[in-house]
Amino acid sequence: MDHQLIQRAARDILHSKKTIAFTGAGISVESGIPDFRSAGGLWEKFDPEEYAHIYAFQSNPEKVWLMLKEMFSLIIEAKPNPAHLGLAELERMGLLSSIITQNVDGLHQAAGNRHVIEFHGTHRTLSCLKCSMTIDGTTLKIEDLPARCSRCSSLLKPDVVFFGEPIPWEAQVSSLKESKSCSVVLVIGTSAVVYPAASIPVTAKERGATVIEINRESTPLTNAISDYLIIGPAGEIVPAIVEEVKKIR
Ligand code: NAD
Ligand code: ZN
């Protein structure tokens, strides 16, 4: 871990008028939920392009539910890791305004963050594509899956954004507002290739924000949009930054 960069991030956060975080699947890998790139993970078995596309759900929901059921069982078991908890601590200290997340696992809220914008929706509710009925999914047990609509008995779809579906309007508006008004953005555990989400740090940068990347490897943002990249696991880097903030503030 590069201690100088940890100190630099802590200073940037302390001097910032408004800091936000933009997170991706990588922040939840240490909670046991594989990202799209992890070897041996869920996504080696289920190609996201094939299973996470809205056409796949429309044409063969039974097949897509094979993948959804495994994703649900991982999410039900998962607990926030030190990276999620570190961001919650920053919010409590008044140093983090909001989190824009591409994740659908609810772990930022479980860690205690109150200002979370879910850019790609959530697993907590499920809806019927036929009759628009929505149910609370938080009490569902794995044996209840795949869940069916009680009104028309179609298979329900979790309210996550599949490829080919629009981003929820409110999330678009609020994340644009946050990215235009922040002075620091912490970009954590995202490959920054899924659009329009990946335009968030670009928008922030255009408005003069400092872009701090935390990732195990470089991404298309590195050396282009990011001011600097702190390489390593988010579960170690984020708490180290929080400790440094506490030391120098
Ligand atoms: P991605 O899988 O494309 O990229 C993950 C990134 O995280 C990579 O750059 C990787 O190097 C990095 N990474 C992995 N482990 C890390 C760690 N411990 N610390 C720091 N960085 C780490 O993920 P994405 O950019 O979020 O895009 C994938 C899409 O898939 C998103 O839309 C997301 O909604 C969805 N998805 C969500 C979940 C979830 O909710 N947890 C899981 C898988 C996929
Ligand atoms: Zn229905």
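Just so it is clear, the structure is predicted and the values come from calculations on it, not from any experiment. Counting starts at 1 for both ligands and their atoms, in listed order.
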When you measure from the side chain of [X] to the backbone of [Y], do you find a donor-acceptor pair of N or O atoms at a distance under 3.5 Å?
X	Y	value
Lys157	Val160	yes
Thr219	Leu221	yes
Lys69	Leu145	yes

Item checked: Side-chain ion pair, Asp159 and Arg124, N-O less than 4.0 Å -> no
- Query: Is the shortest side-chain N to carboxylate O distance from Lys18 to Glu178 below 4.0 Å?
  - Reply: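 Judged by the 4.0 Å cut-off on N to carboxylate O distance, Lys18 and Glu178 do form a salt bridge.
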At a 4.0 angstrom heavy-atom cut-off, ligand 1 is contacted by Gly24, Ala25, Gly26, Ser28, Val29, Glu30, Ile33, Pro34, Asp35, Phe36, Arg37, Trp43, Met71, Gln102, Asn103, Val104, Asp105, His120, Gly189, Thr190, Ser191, Ala192, Val194, Asn215, Arg216, Glu217, Gly232, Pro233, Ala234
ask   = Sequence neighbours excluded, which residues qualify as ring-ring contact (aromatic ring centres under 6.0 Å, His included) partners of Phe163?
value =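 Counting only residues at least two positions away or on another chain, Phe163 forms no ring-ring contact (aromatic ring centres under 6.0 Å, His included).
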